[in-house]
2 protein chains.
Amino acid sequence: MKKLTARQKQVLDYVSLFISEHSYPPSIRDIQKHFGLKSTKGVKDHIDRLVEKGYLHRTDGAARALEIVGRSSSVRTVPVVGRVAAGLPLLAEENIQDYRPVSKSLARSEGMFYLKVQGDSMTGAAILEDDLVLVRPQPFVEQGEIAVVLIGDEATVKRFYIKNGRIELHPEIPTTIR
Amino acid sequence: MKKLTARQKQVLDYVSLFISEHSYPPSIRDIQKHFGLKSTKGVKDHIDRLVEKGYLHRTDGAARALEIVGRSSSVRTVPVVGRVAAGLPLLAEENIQDYRPVSKSLARSEGMFYLKVQGDSMTGAAILEDDLVLVRPQPFVEQGEIAVVLIGDEATVKRFYIKNGRIELHPEIPTTIR
DNA sequence: CTTTACCCTATACATATGTTTACATATTGC
DNA sequence: GCAATATGTAAACATATGTATAGGGTAAAG
């Protein structure tokens with residue numbers, strides 16, 4: 001990545017700070033005021049350089065349309081599904097207890113959600129009661145994988161097997177001896 | 001919290017979506033276009049209601065100056081500490097492997113960090129190898145709490161006891177019988 | 001039934017904000 | 001030294017954007 005001058009780094013840092021304080025980006029004049037400049041041109045130039053060098057992304061013409069490349073959208077907000085209500089699709093509003101941010105490095109695809117674990121049947125796989133399990137819906141389950149299965153109106157976390165055309169769901173309960 | 005109408009919720013959801021996609025908030029006309037409306041007034045009214053009811057915060061007059069109350073900056077970026085290098089402070093650059101976003105509902109205070117777990121000594125407490133443990137530095141440890149302790153140059157996760165002035169660190173290894 | 005809240009169109013205005021042109025000075029790289 | 005880059009002032013300009021006024025139709029609340 002191309003090097004920044006001291007001033008350019010100051011501007012980039014201020015953009016970053018402003019966003020974390022306001023949750024929306026600064027205007028050029030916001031930046032101008034902060035550095036005590038008497039013209040908008042200087043700031044404009046710095047922003048231009050930061051865009052050219054790949055540190056910022058900008059939507060031309062739009063107000064406050066700055067994004068910091070990289071840090072920009074590393075987070076996704078997913079719904080938290082608790083006890084499942086009878087007869088409703090899993091992600092129906094009635095089933096959603098909350099929303100939580102997850103790193104996109106975990107929630108890579110869309111449509112993923114958190115399921116709140118009930119019971120201790122999976123303690124052996126380090127999945128405890130009230131844990132939030134990040135669920136990625138997919139059409140198939142691999143033999144022996146841990147999966148979320150809908151049994152009637154109950155969403156359950158179990159290890160999944162098919163033997164002789166029969167589906168088996170295995171809990172994982174350890175017996176602890178001290 | 002005051003109830004929202006279906007339309008207001010749609011608008012709020014779109015603001016949220018727009019922010020997660022662009023990392024800066026939408027303008028009133030952005031929202032107008034998305035819903036296919038032919039006047040900005042309707043959108044303005046919805047935003048006004050959302051502000052009145054406490055779901056949005058706005059800086060009057062400023063462009064795109066919308067924040068979603070609560071979820072706004074609900075994320076903190078914390079360093080991930082891996083194997084600890086000899087003689088260096090825990091959060092020295094050499095020890096930091098990565099940075100990761102965490103929900104502020106978990107990382108409430110500043111100075112918290114992730115520690116990558118080595119070994120399986122805490123499997124019984126559902127803390128597995130390579131798990132990331134969120135650490136909150138504090139001056140004291142409670143009797144029987146799980147804590148991160150620095151032994152020489154090794155950061156270790158153990159259950160902490162003091163008995164007769166002697167410190168005891170207990171691992172938690174279960175024996176699993178199938 | 002009347003009133004209020006909701007939801008929308010149409011038009012206009014004021015200002016916030018990005019962009020540009022012209023000019024100046026200091027620093028850096030070659 | 002010379003060209004390119006960095007950094008800045010000054011003054012406009014164009015447009016993006018929030019806000020306001022006027023009005024209408026429907027559904028919910030009293």
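Every chain is numbered from 1, with letters handed out A, B, ... down the list of sequences. The basis for the numbers below is simple: all heavy atoms, side chains too, and nothing from hydrogens, waters or symmetry mates.
Computed from coordinates, the A:Lys9 NZ to D:dA6 P distance equals 17 Å when rounded to whole Å. In this structure, B:Lys3 places its NZ atom 13 Å from P of C:dC6, rounding to the nearest Å. Protein atom NZ of B:Lys53 is 11 Å distant from nucleotide atom P of C:dA5, rounded to whole Å. Rounded to an integer number of Å, the gap from A:Leu66 CG to C:dG18 C1' is 10 Å. Going from atom CG of A:Asp48 over to atom P of D:dT7 covers 13 Å, rounded to whole Å. Atoms OH (B:Tyr24) and P (C:dT17) sit 15 Å apart, rounded to a whole Å. Atom CZ in B:Arg49 sits about 14 Å away from atom P in D:dT19, given to the nearest Å. D:dG8 atom P lies 14 Å from atom CD1 of A:Ile28, rounded to whole Å.
Under the 4.5 Å side-chain criterion, counting only non-hydrogen atoms from C-beta, B:Asp30 is in contact with B:Arg64.
Note on A:Asp45: a base of the nucleic acid sits closer than 4.0 angstrom, heavy atoms only. Nucleic acid contact for A:Ala62: sugar-phosphate only, since backbone atoms but no base atoms lie under 4.0 Å from a heavy atom of the residue. The residue B:Gly61 sits close only to the backbone: its heavy atoms come under 4.0 Å of sugar-phosphate atoms, none of a base.
The base of D:dA6 lies outside donor-acceptor range of the side chain of A:Thr5, with no N or O pair under 3.5 Å. Below the 3.5 angstrom threshold, one finds a donor paired with an acceptor across the side chain of B:Thr40 and the base of D:dT19. You won't find any donor-acceptor pair under 3.5 Å spanning the side chain of A:Ser27 and the base of C:dA16, going by distance alone.
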Under 4.0 Å protein heavy-atom contact, by nucleotide of nucleotides 21-30 of chain C - B base, S sugar-phosphate only: B---------
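When the side-chain nitrogen and oxygen atoms of A:Lys44 are compared with OP1 and OP2 of C:dT19, one or more of them lie within a distance under 4.0 Å. One finds a side-chain N or O of A:Arg7 lying less than 4.0 angstrom from the OP1 or OP2 phosphate oxygen of D:dG8. Applying the 4.0 Å criterion to OP1 and OP2 of C:dT17, one finds that A:Arg64 has a side-chain N or O inside that range. Contact annotation: B:Gln32 side-chain N/O to C:dC8 OP1/OP2 distance is not under 4.0 Å.
B:Arg136 is linked by a side chain to side chain donor-acceptor pair (under 3.5 Å) to B:Gln138, counting only residues two or more places apart in sequence or in another chain. A:His34 pairs by the ring-ring contact (aromatic ring centres under 6.0 Å, His included) definition with A:Tyr14, not counting sequence neighbours.
Stacking of A:Lys163 on the aromatic ring of A:Tyr161 is recorded, both the 6.0 Å distance cut-off and the 45° axial limit being met.
Note: A:Glu142 CD to A:Ile162 CD1 = 10.5 Å, rounded to the nearest 0.5 Å. The NZ atom of A:Lys158 sits 10.0 Å away from atom CD1 of A:Ile127, with the distance rounded to the nearest 0.5 Å. With rounding to the nearest 0.5 Å, the separation of CG in A:Asp131 from NZ in A:Lys116 is 10.0 Å.
The A:Leu37 side chain lies nearest to D:dT9 when the options are D:dT9, C:dT17, C:dA10. In this structure, of C:dG18, D:dT9, C:dA12, it is C:dA12 that holds the atom nearest to the side chain of B:Arg29. Nearest to the side chain of B:His46, among C:dC7, D:dG8, C:dT19, sits C:dC7. Comparing D:dG8, C:dT11, C:dC7 by their closest approach to the side chain of B:Gln8 singles out C:dC7.
A salt bridge (Lys or Arg N to Asp or Glu O under 4.0 Å) with A:Asp48 holds for exactly one of A:Lys53, A:Arg58, A:Lys41; it is A:Arg58.
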